[in-house]
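Here the structure comes first, spelled out in structure tokens, and everything after it is commentary.
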Amino acid sequence: MGGAELSPAPLPRSFFDRPSHEVAPDLLGRVLVHGPVAVRLTEVEAYGGPGEDPAAHTYRGRTPRNAVMFGPPGHLYVYFTYGMHFCANLVCLPEGSGSAVLLRAGEVLDGVDVARVRRSSRGKPPPDRDLARGPARLAVALGLAREHNGLDAVLEGSPAGRPHGSAAVLEGRPPAPGLVKAGPRTGISTAKEVPWRFWIDGDPTVSPYRAHVPRRRSAAATSVGEAPSS
DNA sequence: CTCTAGATCCACT
DNA sequence: GTGGATCTAGAGG
């Protein structure tokens with residue numbers, strides 16, 4: 001592992017057995033490990049359960065896509081969005097509840113070489129601070145995609161080594177309480193006022209806030225059969 | 001740094 | 001059919 005001060009102790013499942021908005025700030029500074037890559041989390045967002053959080057994927061109840069969030073805590077909910085990106089969450093609360101924490105950004109502590117290759121476009125890697133700066137980028141850096149949906153991120157049993165292909169959340173190095181900031185969540189169109197985005201103040205790997213921008217379909221796709229406007 | 005537009009799949013209504 | 005829990009490249013300051 002990279003940082004000498006980092007505790008390699010895995011977090012127990014009970015860590016996740018709380019509401020997502022309590023787990024979320026506590027995840028800052030923790031380290032998610034998957035294969036050769038380790039990322040220290042610097043920005044997360046909490047999403048609530050059915051009927052209580054209009055921005056959550058579980059708002060309208062259980063579906064095939066969000067089923068993992070209704071499973072036991074500590075597992076990864078990985079979903080596909082915008083036709084090309086994956087984002088990773090950690091499931092909270094006991095089985096049946098349906099809430100999670102979106103992992104929005106972090107600092108790559110280990111496996112930087114692997115992360116650079118995964119994040120390279122046209123052979124050029126981005127600056128190191130951008131390797132996991134944003135939820136889809138973080139998923140790429142960690143090698144998380146569709147097949148990791150449902151993967152258990154809690155290590156039970158053997159303390160030293162992780163089984164091949166497993167994931168784990170380590171104790172890491174939580175920030176001083178004063179450095180934890182909270183604000184509205186990014187990129188959502190409802191419940192914009194809920195301050196369930198948490199980040200480490202001043203950390204360069206925290207993603208820039210982006211307000212939701214409704215995407216318009218291409219003119220060609222929407223104007224079929226329409227008269228010319230002028 | 002900001003702004004804009006395009007890419008591209010799929011879950012759900 | 002609609003609208004994303006997004007990112008990148010390119011143009012402009």
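The shown structure was predicted, so the numbers you read here are calculated from the model rather than taken from an experiment. Order of the sequence lines sets the chain letters (A, B, ...), proteins ahead of strands, with each chain counted from 1.
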Under 4.5 Å between any side-chain heavy atoms of A:Phe15 and A:Val23, yes or no?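 Yes, their side chains come closer than 4.5 Å.
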Set of side chain to side chain contact (heavy atoms under 4.5 Å, CB included) partners for [X], sequence neighbours left out:
| X | value |
| --- | --- |
| A:Pro126 | A:Arg119, A:Asp130, A:Leu131 |
| A:Ser120 | A:Pro125 |
| A:Ala9 | A:Ser7, A:Glu171 |
| A:Ser207 | A:Glu43, A:Arg104, A:Arg133, A:Arg197 |

With a cut-off of less than 4.0 Å, is there a side-chain N or O of A:Ser189 near OP1 or OP2 of C:dG4? yes
Interatomic distance, [X] [atom1] vs [N] [atom2] [rounded to whole Å]:
| X | N | atom1 | atom2 | result |
| --- | --- | --- | --- | --- |
| A:Glu43 | C:dA5 | CD | P | 16 Å |
| A:Arg210 | B:dC3 | CZ | P | 9 Å |
| A:Leu102 | C:dG4 | CG | P | 16 Å |
| A:Arg65 | B:dC9 | CZ | P | 16 Å |
| A:Arg60 | C:dG4 | CZ | P | 11 Å |
| A:Tyr59 | C:dA5 | OH | P | 14 Å |

Going by the salt bridge (Lys or Arg N to Asp or Glu O under 4.0 Å) test, which pairs reach into residues 17-34 of chain A, not counting sequence neighbours?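 Checked against salt bridge (Lys or Arg N to Asp or Glu O under 4.0 Å) - neighbours excluded - the pairs reaching residues 17-34 of chain A are A:Arg18-A:Asp26.
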Which residue pairs pass the salt bridge (Lys or Arg N to Asp or Glu O under 4.0 Å) test with at least one member in residues 175-193 of chain A, sequence neighbours excluded? A:Asp53-A:Arg185
Write out the stems for DNA chain B, ordered by first number and formatted as range with range, counting runs of at least 3 consecutive Watson-Crick or G-U wobble pairs under 3.5 Å.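 Result, WC/G-U stems under 3.5 Å: B:1-7 with C:6-12, B:9-12 with C:1-4.
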Sorted by chain and residue number, the ring pair (Phe, Tyr, Trp, His ring centres under 6.0 Å) partners of A:Trp199 (sequence neighbours excluded) come out as none
Ring pair (Phe, Tyr, Trp, His ring centres under 6.0 Å) involving A:Phe80 - partner list, sequence neighbours excluded: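 A:Phe80: ring pair (Phe, Tyr, Trp, His ring centres under 6.0 Å) contacts with A:Phe86.
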Strictly below 4.0 Å, heavy-atom distances to any atom of DNA chain B: list the hits from residues 111-142 of chain A, or just say none.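 When residues 111-142 of chain A is checked for heavy atoms under 4.0 Å from DNA chain B, there are no hits whatsoever.
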Which residues within residues 70-95 of chain A lie with some heavy atom under 4.0 Å of an atom in DNA chain B? A:Phe80, A:Tyr82, A:Gly83, A:Met84
Which pairs, with at least one residue in residues 70-91 of chain A and sequence neighbours excluded, count as a side-chain hydrogen bond (donor to acceptor under 3.5 Å, both in side chains)? A:His57-A:Tyr77
Should the side chain of A:His57 and the base of C:dA5 be counted as holding a donor-acceptor pair, with the cut-off at 3.5 Å? yes
Apply side chain to side chain contact (heavy atoms under 4.5 Å, CB included) to residues A:Val169 and A:Leu90 and explain how you reach the verdict. CA-CA 10 Å; A:Val169 183; A:Leu90 285 164; 3.9 Å; yes
